[in-house]
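For reference, the structure discussed in these notes is given below.
Counting begins at 1 with the first residue of the sequence.
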Amino acid sequence: MRTRTLAGVVAGAASLALLTSCSGGGGSDPAADVDFSAAPTGTLAAWGFENADDVGQSRLDFAAGQLPDVEVTLDATAFDAQKFTTRIAGGDVPDVVQMDRRYVTTYAAQGLLMPLDACFEAQSVDPQQRWYANVVDDVTYEDAVYAAPQFYQPPAILLNMNVLNEAGVTPEQFDTSDLDGLLAAIAKIYQGSGGSPTRLGFDPVATGQGGLWVLGMGGQLTDDTGKPTLDDPANAAGIDALKEITDAQGGYAAVKSFTDSFDTFGDANQFAQNQVGAQVANQWYPNVLSASRDRISLQAVPFRDAEGQPFSLASGTAFVIPAGAKNPAAACAWMNDLTSTDAWMAAGAARAATIQSKDGLNTGLFTGSPEADEMIRSTYVKPTGDSGFDQVISTYYDVVGSGRSFGSSPAGQDIQNELNNAITAALLGDKTTEQALADAQQAAQRAFDKATAG
């Protein structure tokens with residue numbers, strides 16, 4: 001398989017994803033006449049491959065070796081939702097597209113993607129075996145799977161042990177199922193001046209991780225049909241918890257202003273500067289912090305749901321085939337090669353080599369596939385010599401199996417946006433939690449009605 005680029009040199013992407021065409025809304029099946037078992041040959045047009053890295057390039061190289069008769073043309077510009085629908089309407093249809101999984105059901109309901117059940121059958125792939133169940137749920141609509149997902153980097157709570165030890169707080173006190181105990185720990189750590197924080201006891205990442213809090217505290221964003229349920233009374237518990245946490249630290253506006261000033265990816269990050277005692281963070285962030293390991297001391301605990309059980313949410317990207325793709329058989333083979341265990345092991349080897357060359361720490365790869373995750377961990381993730389980082393790495397591997405889907409919905413991205421709007425309004429005190437959720441529900445329902453209008 002030969003590969004060339006349309007928009008610059010693509011070095012592969014850790015967030016590679018392919019867009020698959022699918023049927024929806026009760027219309028005809030755009031994959032009905034496709035022979036996914038046909039030998040993959042010819043030219044394959046792929047779009048959405050931006051900011052490539054060693055993980056992506058190694059998988060591209062692996063797929064190239066599997067498909068010598070396919071020439072892949074990569075468009076390295078970022079996926080754009082408006083551009084996607086414009087291209088489809090104009091007949092400029094890629095064979096494969098990378099996008100966030102939150103978009104997949106939206107386009108499936110509009111008949112813009114191909115369902116992939118026949119593709120997976122032709123490739124002898126069982127989605128429920130290859131990927132975590134909650135990851136598959138993200139891309140399932142009306143009992144059909146519309147994408148080949150990749151990546152699932154679960155959230156947990158990172159602990160700054162230098163700060164906790166100074167304040168006399170233990171990791172066990174960061175239990176999100178015990179709000180009173182959590183607030184007591186926050187109070188011991190928090191420091192402020194003139195009503196503004198200079199050190200947070202806990203950064204809950206209120207809007208970036210809002211779904212984690214709402215769903216973890218017993219709420220739901222959609223029903224079984226994908227209809228938004230933002231005004232469900234159970235959704236208030238997570239937002240009310242966030243308000244208590246931020247109010248205890250100067251209020252949401254002050255907390256947001258402070259966290260916006262963090263040098264998150266730099267040497268003066270919030271852990272190195274002791275600006276936080278704890279923070280909700282996805283699995284990839286400890287890799288960033290490894291550059292500061294000589295100055296920080298980390299541990300981690302799971303985010304716990306209202307019942308005290310470890311809880312995480314699936315998020316990531318996916319490969320899809322648009323309706324009207326010219327070479328769907330090759331697209332099917334390519335996306336399955338890119339998400340195979342062998343491809344991920346090639347990625348694991350590439351990442352291990354990169355880490356060794358930079359004297360870094362291997363925090364693992366979280367692929368969306370349980371088999372690949374475990375094989376990469378057993379082969380490449382070894383003791384780091386830093387017991388704190390080892391404990392952090394182990395915690396993320398422990399919580400990855402406790403994940404839940406955000407909920408597959410034709411209005412998925414709109415539901416997420418409206419949830420964040422509701423959280424912001426409630427935390428600022430502009431609206432009551434109930435009113436904020438009611439307003440968000442109205443907006444999300446309009447988006448759902450539009451997406452499913454036929």
Side-chain angles (χ1 to χ4, degrees), residues 1-7 10-23 30-31 34-52 55-57 59-81 83-88 91-101 103-104 106-108 112-120 122-123 125 127 130-131 139 145-151 316-340 343 368:
M1 177 181 71
R2 296 169 292 166
T3 303
R4 54 194 176 91
T5 62
L6 286 179
V10 174
S15 59
L16 285 180
L18 303 179
L19 177 66
T20 65
S21 60
C22 69
S23 64
V34 174
D35 181 9
F36 286 113
S37 64
T41 61
T43 299
L44 176 71
W47 171 42
F49 298 86
E50 187 188 32
N51 297 328
V55 172
Q57 186 59 57
R59 293 163 63 206
L60 287 172
D61 292 344
F62 173 82
Q66 303 303 303
L67 303 172
D69 296 326
V70 176
E71 179 181 359
V72 179
T73 299
L74 295 177
D75 181 341
T77 58
F79 173 78
D80 178 89
K83 182 179 177 182
F84 174 70
T85 54
T86 300
R87 289 185 66 169
I88 299 297
D92 180 19
V93 184
D95 296 302
V96 168
V97 182
Q98 167 182 321
M99 63 173 61
D100 189 279
R101 293 202 287 268
Y103 286 109
V104 171
T106 300
Y107 296 129
L112 299 181
L113 305 181
M114 292 185 187
L116 297 183
D117 299 88
C119 161
F120 293 135
Q123 295 291 318
V125 171
R130 174 165 286 191
W131 296 289
V139 295
V145 180
Y146 282 90
Q150 59 174 359
F151 300 108
T317 53
F319 299 115
V320 301
I321 304 173
K326 298 176 179 62
N327 197 350
C332 170
W334 195 51
M335 69 171 62
N336 281 296
D337 283 334
L338 286 169
T339 59
S340 68

Test side-chain contact (heavy atoms from CB on, under 4.5 Å) applied to Val34 and Cys119, step by step: CA-CA 9 Å; Val34 174; Cys119 161; over 6 Å; no
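- Contact between Gly42 and Asn327 at its shortest, heavy atoms only, is C-ND2, 4.0 Å.
- For the pair Arg101 (side chain) and Ala318 (backbone), a donor-acceptor distance under 3.5 Å is absent.
- A side-chain donor-acceptor contact under 3.5 Å links Asp95 to the backbone of Lys326.
- Of all the heavy atoms in Trp131 and Pro149, the pair that sits closest is NE1-O, 2.9 Å.
- In this pair, Tyr107 and Phe79 present their aromatic rings perpendicular. The plane angle is above 60°, beyond the 30 to 60° band.
- With contacts defined as side-chain heavy-atom distances shorter than 4.5 Å, the pair Val72/Leu60 does not qualify.
- Checked by atom type and distance alone, the side chain of Asp69 never pairs as donor or acceptor with a backbone atom of Pro40 at under 3.5 Å.
- Remark: the backbone N or O of Val93 is not paired with any side-chain donor or acceptor of Arg87 at under 3.5 angstrom.
- Closest of all the heavy-atom pairs between Ala63 and Leu338 is CB-CD2, 4.0 Å.
- Across every non-hydrogen atom of Val96 and Ala331, the tightest pair is CG2-CB, 3.3 Å.
- The SG atom of Cys332 sits 10.0 Å away from the CG atom of Asp35 when rounded to the nearest 0.5 Å.
- Between atom CG of residue Asp80 and atom CE of residue Met99 there is a gap of 10.5 Å, rounded to the nearest 0.5 Å.
- Atom CZ of Phe36 is separated from atom CG of Asp117 by 9.5 Å, given to the nearest 0.5 angstrom.
- Using a 4.5 Å heavy-atom cutoff, the side chains of Phe120 and Arg130 are not in contact.
- The side-chain heavy atoms of Trp334 and Val70, taken from C-beta on, include no pair separated by under 4.5 Å.
- Atom CG of residue Leu116 and atom CE of residue Met335 lie 5.5 Å apart, to the nearest 0.5 angstrom.
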